Structure formats: structure tokens, C-alpha cells
Enquirer: 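Have a look at this one before I ask anything.
No experiment lies behind these values; they were computed from the predicted model shown. The analysis underlying the following values was restricted to heavy atoms, covering all of them including side chains, and did not include hydrogens, waters or symmetry mates.
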Amino acid sequence: MLFYASDDVSKVLRSSPKIDREATNALVERLYPSHDISPIADGSLDQGNPPEGEVYAAVFPGLSIVCTRDAANDAPTDLPQRFVREAAGRTLYLHAMHSVVDFFAYAIWEPDGTVRRSFSLSPDSGVIEDIGAPLPFEEEYLAGDEEFLAGLDSEDEYPFRFHPLDLAEAALRTLFGFNYEGVYEDDDPELEDIVLAGYAVTPR
């Protein structure tokens, strides 16, 4: 998932924003030049992991969202530059996770395009990318506090003292104000009500 933000992400999502269809179409066309783009059924933010060849996107006031496999590289800074350029003075957030392999990655680009923070890891590969200072929500996980060992099998030789998907959910809560798994808070946005337009995207 990519979030292009000129406003607080959680505030925009809690406001039940309405999608701007015309601007969303233009956004996808800019991000996928030399592709055939066809509309498909709408999705929503509770389905942030589209299959290959599909993209879900929305332009809202103060926030644009793009869900695409192109954001799920092992190293977040391998994101194709056209996605970074699209930020154009806004903060860009990337969030990716894969439960099958316990993979998690996130990154933040400043409005001028520089990387503030990028971090990715999986048990098989270890820490793949680590750029910039950890954000406060990361620090207690990276320190290996005992409370984060509860979900790990003590007999396994797990390479981390926390589960990457737990850190992924903490990132969702901190950066965007919601979780896919875990605690639901009273003012959380209703993810199924946040409409994302669907597109089939095929290279020419």
C-alpha cells in the first residue's frame, strides 16, 4: 500500500472520505504509462493486497491511496521512481506485509523526496533494509522487550525477538490509525466503507 498524504492520514480516513473518480483515474494513468488500464469492480481498504495485474486506488481530499504489488519489494527503496515522484511535495508512506513468510516492510519519504525511514525484514532473509532512525513505535520491538516474545514458540530458533507481523500492525496503527488484526478502537475508520476503485493493469 502507498499513502500520499498532505493531511493526517488517520484523520482523513475517519472522515469517511468520498472518492474522486476522475482524479483517481488520472492518478492510475500517471503511475502506469504504457499500460492498458481497464476498470474492474471497486474494492475497499480492508482488501489491501491485490493480485498481480490489479491495482486499487482512491484520491480523497488530502490523501491518495494506491494498493499494488509494485509496492511489495523486499527493499522499500526499490519502489519504482515514478511512484516516488508522484508524491510531489506530499509525504509518501509505503506499507507491505506477507503473512506466509512473515515479511514486513515500511518506508516514509519526506515531501522533498528524501527517505526518512525504511525498514524491512523476514525470518528467512533477516533485516533486508534499515535506513534512518527507528520511529518510537519500533523501538520497544527492536529492543526485544519480553512482552513481545509471547507470540513466539520458545522451542523455535526464531531470528527475531518479536514477530514481524506484530510490528507491521503497530506500524498501521501508528501511521494510519487502524489495524487489520488486533485491537479495534472506537474511533477506527470502517475500512470496508473506504472505497477504492479497481483497475486491471496490463503492460502493452
Side-chain angles (χ1 to χ4, degrees), residues 1-6 8-10 30-32 45 47-57 63-145 147-149 151-152 156-182 201:
M1 297 188 296
L2 299 170
F3 290 73
Y4 296 89
S6 57
D8 179 82
V9 174
S10 62
R30 288 195 302 274
L31 292 177
Y32 287 92
L45 193 53
Q47 303 164 323
N49 184 27
E52 188 72 30
E54 294 183 9
V55 173
Y56 290 85
L63 177 66
S64 298
I65 300 173
V66 179
C67 297
T68 171
R69 287 292 179 95
D70 291 319
N73 302 300
D74 288 347
T77 57
D78 287 340
L79 181 70
Q81 277 300 301
R82 68 184 188 275
F83 291 97
V84 178
R85 289 193 299 268
E86 176 63 31
R90 296 170 290 175
T91 301
L92 172 58
Y93 301 89
L94 177 152
H95 187 285
M97 57 183 180
H98 193 337
S99 60
V100 174
V101 294
D102 293 352
F103 166 77
F104 165 58
Y106 94 102
I108 304 172
W109 285 262
E110 299 282 11
D112 65 1
T114 61
V115 178
R116 182 198 312 173
R117 176 65 172 147
S118 179
F119 186 65
S120 64
L121 75 169
S122 72
D124 290 339
S125 301
V127 174
I128 301 166
E129 186 161 84
D130 186 358
I131 298 171
L135 269 62
F137 79 86
E138 297 177 66
E139 291 174 351
E140 52 191 354
Y141 287 89
L142 299 179
D145 289 0
E147 65 179 294
F148 301 113
L149 301 177
L152 303 178
D156 289 343
E157 293 184 1
Y158 203 74
F160 308 119
R161 289 176 57 82
F162 60 91
H163 199 292
L165 298 185
D166 291 340
L167 182 58
E169 291 291 336
L172 287 172
R173 171 63 59 192
T174 300
L175 301 176
F176 313 132
F178 69 85
N179 287 119
Y180 284 123
E181 303 288 344
V201 177

Enquirer: Side chains of Phe160 and Leu142: closer than 4.5 Å at any heavy-atom pair?
Expert: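 They are not in contact (no side-chain heavy atoms under 4.5 Å apart), so the answer is no.
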Enquirer: With a 4.5 Å heavy-atom cut-off, do Leu121 and Ile128 have their side chains touching?
Expert: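 Side-chain contact under 4.5 Å: no.
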Enquirer: Let me confirm one number: the CG-OG1 distance from Leu63 to Thr91, rounded to the nearest 0.5 Å.
Expert: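 These two atoms lie 11.0 Å from each other.
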Enquirer: Please confirm whether the backbone N or O of Pro51 pairs with a side-chain atom of Arg69, one donor and one acceptor, at under 3.5 Å?
Expert: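 Checking the backbone N and O of Pro51 against the side chain of Arg69, no donor-acceptor pair under 3.5 Å is found.
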Enquirer: How close do Asp70 and Asn73 get, heavy atom to heavy atom, and via which atoms?
Expert: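 So the two residues come closest at O-ND2, 3.2 Å.
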Enquirer: Please check if the side chain of Thr68 supplies one atom and the backbone of Ala71 the other of a donor-acceptor pair under 3.5 Å.
Expert: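 No; zero donor-acceptor contacts below 3.5 Å.
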Enquirer: Determine, stepwise, if the pair Ser64 / Glu86 fulfils side-chain contact (heavy atoms from CB on, under 4.5 Å).
Expert: CA-CA 10 Å; Ser64 298; Glu86 176 63 31; over 6 Å; no
Enquirer: So do Phe119 and Val127 actually touch side chain to side chain, heavy atoms under 4.5 Å?
Expert: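 Of all side-chain heavy-atom pairs linking Phe119 with Val127, at least one is under 4.5 Å.
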Enquirer: Locate the shortest heavy-atom distance separating Glu139 from Pro134; write the atom from each residue and the value.
Expert: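 Nearest heavy atoms, Glu139 then Pro134: OE2-O, 3.8 Å.
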Enquirer: List the atom pairs, with distances to 0.1 Å, where a side-chain N or O of residues 74-83 and a protein N or O form a donor-acceptor pair under 3.5 Å, not counting sequence neighbours.
Expert:
{"unit_1": "Thr77", "atom_1": "OG1", "unit_2": "Glu129", "atom_2": "OE1", "d": "3.1"}
{"unit_1": "Thr77", "atom_1": "OG1", "unit_2": "Glu129", "atom_2": "OE2", "d": "2.6"}
{"unit_1": "Arg82", "atom_1": "NE", "unit_2": "Leu31", "atom_2": "O", "d": "2.3"}

Enquirer: Is a side-chain donor or acceptor of Glu169 paired with a backbone partner of Asn179 at a separation under 3.5 angstrom?
Expert: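 Absent.
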Enquirer: Show, in sequence, the C-alpha distance, side-chain angles and deciding distance for Phe137 and Arg173, and conclude whether the side-chain contact (heavy atoms from CB on, under 4.5 Å) test is met.
Expert: CA-CA 9 Å; Phe137 79 86; Arg173 171 63 59 192; over 6 Å; no
Enquirer: Quick one: pull up OG1 in Thr174 and CD in Glu138 and give me the separation to the nearest 0.5 Å.
Expert: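 Going from the OG1 atom of Thr174 to the CD atom of Glu138 covers 9.0 Å.
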Enquirer: Please say which of Tyr106, Phe104, Phe3 ends up in a ring-ring contact (aromatic ring centres under 6.0 Å, His included) with His95.
Expert: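 With His95 as partner, ring-ring contact (aromatic ring centres under 6.0 Å, His included) holds for just one option, Phe104.
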Enquirer: Return the OG to CG distance between Ser10 and Leu172, rounded to the nearest 0.5 Å.
Expert: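 Nearest 0.5 Å value for the OG-CG distance: 12.5 Å.
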Enquirer: Rounded to the nearest 0.5 Å, what separation is found between the CD1 atom of Ile65 and the CG atom of Leu45?
Expert: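 It comes to 5.0 Å.
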Enquirer: Checking the side chain of Thr114 only, and the main-chain atoms of Glu110 only, is there a donor and an acceptor separated by less than 3.5 Å?
Expert: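 Answer holds: no.
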Enquirer: How about Gln47: does its CD atom have over 12 heavy atoms from other parts shown lying under 6.0 Å from it?
Expert: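 More than 12 heavy atoms, drawn from other residues, nucleotides or ligands, come within 6.0 Å of this atom.
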Enquirer: Please lay out, stage by stage, how Asp124 and Ser122 fare under the test side-chain hydrogen bond (donor to acceptor under 3.5 Å, both in side chains).
Expert: CA-CA 6 Å; Asp124 290 339; Ser122 72; 5.8 Å; no
Enquirer: Mind checking the CG-CG spacing from Leu167 to Asp102? Nearest 0.5 Å is all I need.
Expert: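 One finds 12.0 Å between CG of Leu167 and CG of Asp102.
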Enquirer: Can you say whether the rings of Phe178 and Tyr180 are parallel (under 30°), tilted (30 to 60°) or perpendicular (over 60°)?
Expert: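 Geometry flag for Tyr180 against Phe178: perpendicular rings.
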Enquirer: Please find the pair of heavy atoms, one from Met1 and one from Gly48, that lie closest to each other, and give the distance.
Expert: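 Scanning both residues, the minimum pair turns out to be CG-O, 3.7 Å.
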Enquirer: Using every non-hydrogen atom in the two residues, find where Leu165 and His98 come nearest and quote the distance to one decimal.
Expert: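 The pair with the smallest heavy-atom distance is CD2-O, 4.3 Å.
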Enquirer: Over all heavy atoms of both residues, which pair between Val9 and Leu175 is shortest? Give the atoms and the distance, please.
Expert: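 Nearest heavy atoms, Val9 then Leu175: CB-O, 3.8 Å.
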Enquirer: Say whether, by atom type as modelled, one donor and one acceptor occur between the side chain of Arg117 and the main chain of Ile108 under 3.5 angstrom.
Expert: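 Side chain of Arg117 to backbone of Ile108, a donor-acceptor pair under 3.5 Å: no, none is there.
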Enquirer: Do the two ring centres, one from His163 and one from Tyr141, sit under 6.0 Å apart?
Expert: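 Ring centres of Tyr141 and His163 not closer than 6.0 Å.
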Enquirer: What are the two closest heavy atoms between Val84 and Leu92, and how far apart are they?
Expert: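 Taking Val84 first and Leu92 second, the nearest heavy atoms are CA-CD2, 3.9 Å.
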